[in-house]
Amino acid sequence: MREVLTALAKLWKIDDAAKGYDEELRTLPAKIEAMRRDVEMLESLLAAERTQVAEAEALKAARAEDLVERREALGRAKSKASRSRTLKESDAAEREVEATRRTIADREREISTLEETLTAKRATLDERERQLGEAKSLAEEEASAAEARLAEVGVAREQVVIGRDELVAALPRRVVKRYEKLRTRDRFLPVSIVRDSTCVSCRMTLPAQLCIEVKRSESKTGGALELEDFLVCPQCHAFLVHVDLVEPPAPDAG
Ligand SMILES: [Zn+2]
């Protein structure tokens, strides 16, 4: 029984040590992915703003072209006015000149508004580009650090789990099955290393008789071991293993 309980305690120590690594192996790729998504989001914001600027530029170009045409029309209207022979012709020509002048003034205002908008948008665009550049290099730095850590963790985990298969092989199949099931719990441990009379998994004070049995269980011998031969906490069902099996007692100083 002693060897088997020691194997169970060792298995738990290995899995407990690997737990942190497993967590990192699980969360690091998600972290890298999140950073990539942030950069992509900034890029799409920037693309939308570039489109807005391009649209405003196109509109301004169209208005400028129209302004040229209106100025030419004004020239024609003016010459028509100078050539008018009757009062009626002269009035009509004057009205055309005035109307064209108003349109020209409108266009000029529109163009100047568009110019102001463009100046503001270009400044935003510059700022966004600067932010994107920073975010990109930061994300690249962090992603490569995370990837390096990922590789490190993979190697460290390999080291930690050396010998695990042998321990599993040394344990009754049903015990391993139960252990794996207990291991998926969040609140409790699968194995409780009992030091005094408390279950370290759930903090329950174990019954005195059970404590004595836990301490004695190492010396139990004979027959093939079954799941029923293992002592468990009445409250959290963790396997109970006495600490002496994990950390042999220090020689009595006397
Ligand atoms: Zn317990």
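Each ligand, and each atom within it, is numbered from 1 in the order the structure gives. The basis for the numbers below is simple: all heavy atoms, side chains too, and nothing from hydrogens, waters or symmetry mates.
For CZ of F230, the number of neighbouring non-hydrogen atoms (other residues, nucleotides, ligands) closer than 6.0 Å is greater than 12. For E180, the CD atom counts as densely surrounded, since its 6.0 Å shell holds more than 12 non-hydrogen atoms of other residues, nucleotides or ligands. The environment of R216 atom CZ is sparse: at most 12 non-hydrogen atoms of other residues, nucleotides or ligands sit within 6.0 angstrom.
Atom CG of D196 sits about 8.0 Å away from atom SG of C211, to the nearest 0.5 Å.
Minimum heavy-atom separation, E24 to L150: O-CD1, 4.1 Å.
Of the N and O atoms on the side chains of R128 and T124, not one donor lies less than 3.5 Å from an acceptor on the other residue.
Around the Zn ion (ligand 1), the protein atoms of type N, O or S that sit closer than 2.8 Å are C199 SG, C202 SG, C233 SG, C236 SG.
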